[in-house]
**Q** 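I'd like to ask some things about the structure below.
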There are 2 protein chains.
Amino acid sequence: MAETRSEQLARALEDDICAGRALPGARLDEQVLAQRFGTSRTPVREALKMLAAQGFVEIRPRQGAVVVGLDVRQVLELFEIMAVLEGLCARLAARRMTPAERAELTSVHAECQRLAAAGDPDVYYAMNTRFHEVIYAGSHNRQLEEETRRVRNRLSPYRRNQLHQLGRVAKSVQEHDDVVRALLEGDAERAETLMRRHIGIQGDSLSDFVSNMSMPHHVAAPQPSLAGAITRPTIVR
Amino acid sequence: MAETRSEQLARALEDDICAGRALPGARLDEQVLAQRFGTSRTPVREALKMLAAQGFVEIRPRQGAVVVGLDVRQVLELFEIMAVLEGLCARLAARRMTPAERAELTSVHAECQRLAAAGDPDVYYAMNTRFHEVIYAGSHNRQLEEETRRVRNRLSPYRRNQLHQLGRVAKSVQEHDDVVRALLEGDAERAETLMRRHIGIQGDSLSDFVSNMSMPHHVAAPQPSLAGAITRPTIVR
DNA sequence: ACTGGCTGTCTTGCATGCACGAAAACCGAT
DNA sequence: ATCGGTTTTCGTGCATGCAAGACAGCCAGT
């Protein structure tokens with residue numbers, strides 16, 4: 001297998017963050033983590049450094065690591081990036097997807113529609129993620145795939161509840177439908193535009209989102225310097 | 001100052017890589033680096049982990065770290081990303097740049113023109129970088145700014161000689177001119193399109209570049225597993 | 001009571017030590 | 001001489017130890 005502990009830890013911690021088990025602002029204590037994972041502090045530290053380099057945690061020298069808390073502005077900034085990245089994925093996918101991939105897309109999209117009708121936003125959320133993943137892969141651009149996924153993951157603590165907006169699921173699946181059509185027709189330009197709109201500011205999902213957010217759960221860092229001020233009791237799990 | 005050694009090291013190493021002092025494929029020996037920087041291996045390791053997380057180096061467990069060597073395909077992939085990111089910068093900058101920033105842009109652009117006429121590609125290269133930086137900043141989107149710079153840095157080992165192409169400097173500055181015009185007119189759409197073209201595949205800079213490249217200097221990793229096969233003598237400086 | 005400084009405690013940052021694994025060096029056999 | 005297997009060597013991965021810095025609590029002074 002040949003995977004080092006620090007990598008395992010990094011993945012585990014990133015997962016905790018993305019899944020919302022470690023909330024923004026939560027303190028990540030080296031010793032506690034070391035103990036939880038049954039290692040020494042060293043690999044924990046290395047994992048934290050990696051996550052810091054990717055923007056998932058913030059390490060303030062001599063003050064420890066906390067899960068990054070993004071304020072509204074920063075979230076919007078990331079959405080702007082997300083829109084063009086996903087847009088590019090769609091553009092490239094329209095040109096490059098293999099027949100098998102197109103079939104996969106169609107099938108996942110159908111599943112999305114089914115689950116949307118079913119009505120559970122959380123279940124839909126999972127399939128929605130798969131839908132987008134299929135398009136990332138369809139771009140046949142690994143770097144882009146990784147980059148896009150990374151930004152997506154950074155946002156994930158904040159989008160969790162997005163689909164709980166009334167009617168948002170229906171709208172999402174409708175937008176997917178338009179994207180799929182463009183993709184299958186090979187209309188790269190339109191696919192990109194539609195995807196951008198789906199993710200980006202132009203869709204009203206975002207403004208809903210913002211108004212809902214203004215401090216996502218309870219924590220957050222309006223000023224970076226305040227991020228750690230609210231030192232909550234190291235929950236993480 | 002409050003900056004940890006591992007951060008300093010990370011910046012120093014990233015700089016070595018971007019500046020071409022550490023070539024793709026070069027082995028980064030922990031002990032050697034530790035000695036050079038007068039520390040123990042620990043902060044060196046942490047720095048390497050950070051760089052690995054950002055895609056600058058690759059750490060193969062138990063086999064040490066090497067500067068990432070991108071093959072042609074991967075470079076093209078990154079250019080595709082670069083194009084949309086810089087395009088977004090331009091789009092946003094067209095709308096958001098302050099008068100002061102617009103003045104700065106104009107002035108840097110003028111300087112570019114002057115240096116282009118002067119004829120030294122390397123001097124122009126530096127000013128060209130500043131030009132793009134002004135636009136990153138003009139986007140008023142910090143996340144985007146960082147992200148774009150990061151991708152740019154990852155590519156930098158490969159673009160160094162790009163401008164040595166005959167006539168490339170003149171073309172570059174001409175494209176800048178078009179971008180600047182769109183920016184100053186506040187034409188976001190056009191600014192984005194032009195910038196995309198400037199960076200991306202549509203400009204012929206890239207195909208020139210590719211034909212010139214096919215293994216940038218001597219090293220490279222067509223197959224990831226081969227990356228370190230060519231273990232060159234740990235130059236780095 | 002509130003502010004400012006001091007001290008103690010605790011966590012981080014870095015150094016060092018040790019063991020496992022991989023590559024290189026070696027060696028005998030064909 | 002080349003090849004397969006062994007041994008040796010060396011570098012990495014992780015554990016541990018130690019010192020400096022940050023925060024909390026305490027105390028004195030206003």
Side-chain angles (χ1 to χ4, degrees), chain A residues 1-13 22 25-53 57-68 221 224-236, chain B residues 1-13 22 25-53 56-68 221 223-236:
Chain A
M1 54 153 266
E3 194 183 30
T4 62
R5 256 162 268 248
S6 54
E7 289 170 42
Q8 293 172 11
L9 293 188
R11 275 194 301 110
L13 289 176
R27 180 91 187 282
L28 298 174
D29 187 287
E30 294 179 4
Q31 312 207 57
V32 173
L33 293 174
Q35 224 162 330
R36 162 167 334 138
F37 291 102
T39 73
S40 79
R41 282 173 46 221
T42 306
V44 172
R45 285 180 58 78
E46 292 180 350
L48 289 176
K49 291 284 186 184
M50 291 193 270
L51 293 178
V57 309
E58 187 185 344
I59 300 178
R60 279 198 286 306
R62 300 257 165 214
Q63 291 177 237
V66 298
V67 178
V68 163
S225 52
L226 292 181
I230 309 155
T231 300
R232 285 156 61 267
T234 316
I235 293 170
V236 177
Chain B
M1 54 153 265
E3 195 182 30
T4 63
R5 254 162 269 246
S6 54
E7 289 170 45
Q8 293 173 9
L9 293 188
R11 276 194 300 110
L13 289 176
R27 179 91 187 281
L28 298 174
D29 187 289
E30 294 180 4
Q31 315 205 54
V32 173
L33 293 174
Q35 223 161 331
R36 161 163 338 136
F37 291 101
T39 73
S40 78
R41 283 172 47 221
T42 307
V44 173
R45 284 180 58 78
E46 293 181 351
L48 289 176
K49 291 285 186 185
M50 290 192 271
L51 293 178
F56 287 99
V57 309
E58 187 186 344
I59 300 179
R60 279 196 288 305
R62 300 256 166 214
Q63 291 177 236
V66 298
V67 179
V68 163
Q223 300 303 339
S225 52
L226 292 181
I230 309 154
T231 300
R232 287 156 58 268
T234 317
I235 292 172
V236 177

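Since we're looking at a predicted model, the values are computed, not measured. Protein chains get the first letters and strands the later ones, always in sequence-line order, with residue 1 at the start of each.
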**Q** Would you check if B/Leu28 and B/Val57 make a side-chain contact, meaning some heavy-atom pair closer than 4.5 Å?
**A**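 Result yes, sub-4.5 Å side-chain heavy-atom pair found.
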**Q** Of the candidate nucleotides C/dA15, D/dC14, D/dG13, which contains the atom at the shortest distance from the side chain of B/Ser40?
**A**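 Comparing C/dA15, D/dC14, D/dG13 against the side chain of B/Ser40, the answer is C/dA15.
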**Q** Any side-chain heavy atom of A/Leu33 sitting closer than 4.5 Å to one from A/Leu9?
**A**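 No, their side chains stay 4.5 Å or more apart.
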**Q** Whole angstroms only, please: what is the CD1-C1' distance between B/Ile59 and D/dC14?
**A**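 Those two atoms, CD1 and C1', are 14 Å apart.
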**Q** For a quick check of understanding: with a heavy-atom distance under 4.0 Å over all strands, which category does A/Arg5 fall into, base, sugar-phosphate or nothing?
**A**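 Sugar-phosphate only.
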**Q** Nearest whole Å is fine: how far is D/dC14 P from A/Phe37 CZ?
**A**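 About 14 Å, once rounded to whole Å.
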**Q** Identify the heavy atoms of B/Ala47 and B/Ala10 that sit nearest to each other, and give their distance.
**A**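 Reported closest heavy-atom pair: CB-N, 3.6 Å.
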**Q** Using five base pairs at each end, measure the axis-to-axis angle across the helix from C/dA1-D/dT30 to C/dT30-D/dA1 and round it to 10 degrees.
**A**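 Overall, the helix from C/dA1-D/dT30 to C/dT30-D/dA1 bends by 10° from one end axis to the other.
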**Q** Would a 4.5 Å heavy-atom cut-off, applied to side chains only, mark A/Arg5 and A/Val44 as touching?
**A**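 Side chain of A/Arg5 against side chain of A/Val44, heavy atoms only: no contact under 4.5 Å found.
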**Q** Is there any protein nitrogen or oxygen under 3.5 Å from a nitrogen or oxygen in nucleotides 18-20 of chain D, and what are the pairs?
**A**
{"from": "D/dA20", "atom 1": "N3", "to": "A/Arg62", "atom 2": "NH1", "distance (Å)": "3.1"}

**Q** Starting from P on D/dG11, measure out to CD on B/Gln35 and report it in whole angstrom.
**A**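 The distance from CD of B/Gln35 to P of D/dG11 comes to 11 Å, rounded to the nearest Å.
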**Q** Holding to salt bridge (charged side-chain N to carboxylate O under 4.0 Å, His left out), I want the full list of residues that pass it with B/Arg11, two or more places apart in sequence or in another chain.
**A**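 Salt bridge (charged side-chain N to carboxylate O under 4.0 Å, His left out) check on B/Arg11 returns B/Glu3.
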**Q** Starting at CG of A/Asp29, measure out to CZ of A/Arg36 and round the result to the nearest 0.5 Å.
**A**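 Interatomic distance, A/Asp29 CG to A/Arg36 CZ, rounded to 0.5 Å: 10.0 Å.
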**Q** With 3.5 Å as the limit, what N/O pairs link the protein to nucleotides 5-10 of chain C?
**A**
none

**Q** Working to the nearest 0.5 angstrom, can you tell me the gap between A/Thr4 OG1 and A/Glu7 CD?
**A**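 A/Thr4 atom OG1 to A/Glu7 atom CD measures 3.5 Å (nearest 0.5 Å).
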**Q** Does a nitrogen or oxygen in the side chain of B/Thr4 sit under 4.0 Å from OP1 or OP2 of C/dT12?
**A**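 So the side-chain polar atoms of B/Thr4 never come under 4.0 Å of the phosphate oxygens OP1 or OP2 of C/dT12.
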**Q** Please name the residue in the list B/Lys49, B/Glu46, B/Arg45 that meets the side-chain hydrogen bond (donor to acceptor under 3.5 Å, both in side chains) test with A/Ser6.
**A**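 Among the candidates, only B/Lys49 passes.
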**Q** A/Arg27 has a side chain; which of C/dT11, D/dC14, C/dG13 sits nearest to it?
**A**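 When the side chain of A/Arg27 is considered, C/dT11 is the closest of C/dT11, D/dC14, C/dG13.
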**Q** Are B/Leu48 and B/Leu13 packed together at the side-chain level, in the sense that at least one heavy-atom pair is separated by less than 4.5 angstrom?
**A**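 In contact.
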**Q** Measure from CD on B/Glu3 to C1' on C/dG13 and round the result to the nearest Å.
**A**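 Result: 14 Å.
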**Q** To the nearest 0.5 Å, what is the distance between CZ on B/Phe56 and CE on B/Met50?
**A**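 It is 12.5 Å, given to the nearest 0.5 Å.
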**Q** Starting from C1' on D/dC10, measure out to CD on B/Glu30 and report it in whole angstrom.
**A**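 In whole Å, D/dC10 C1' lies 12 Å from B/Glu30 CD.
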**Q** Rounding to an integer number of Å, can you tell me how far A/Arg45 CZ sits from C/dT11 P?
**A**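 The answer, rounded to whole Å, is 14 Å.
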**Q** Rounded to whole Å, please give me the gap between CG in B/Leu48 and P in D/dG11.
**A**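 Distance check: B/Leu48 CG to D/dG11 P gives 15 Å.
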**Q** The criterion is salt bridge (charged side-chain N to carboxylate O under 4.0 Å, His left out); which residues satisfy it with A/Arg41, sequence neighbours excluded?
**A**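 Salt bridge (charged side-chain N to carboxylate O under 4.0 Å, His left out) list for A/Arg41, sorted by chain: A/Glu30.
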**Q** Taking only side-chain nitrogens and oxygens of A/Gln63, does any of them come within less than 4.0 Å of OP1 or OP2 of C/dT12?
**A**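 No, outside the criterion.
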**Q** What is the distance from NZ of B/Lys49 to P of D/dT12, rounded to the nearest Å?
**A**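 Atom NZ in B/Lys49 sits about 11 Å away from atom P in D/dT12.
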**Q** Just jot down the side-chain contact (heavy atoms from CB on, under 4.5 Å) partners of A/Val68, sequence neighbours excluded, or say none.
**A**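 side-chain contact (heavy atoms from CB on, under 4.5 Å) list for A/Val68, sorted by chain: A/Glu58, A/Leu70.
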**Q** Assign each of B/Gly64 and A/Thr42 to its nearest nucleotide of DNA chain D by heavy atoms, then name whichever residue's nucleotide is nearer the 5' end.
**A**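 Comparing both residues, the 5'-ward one is B/Gly64.
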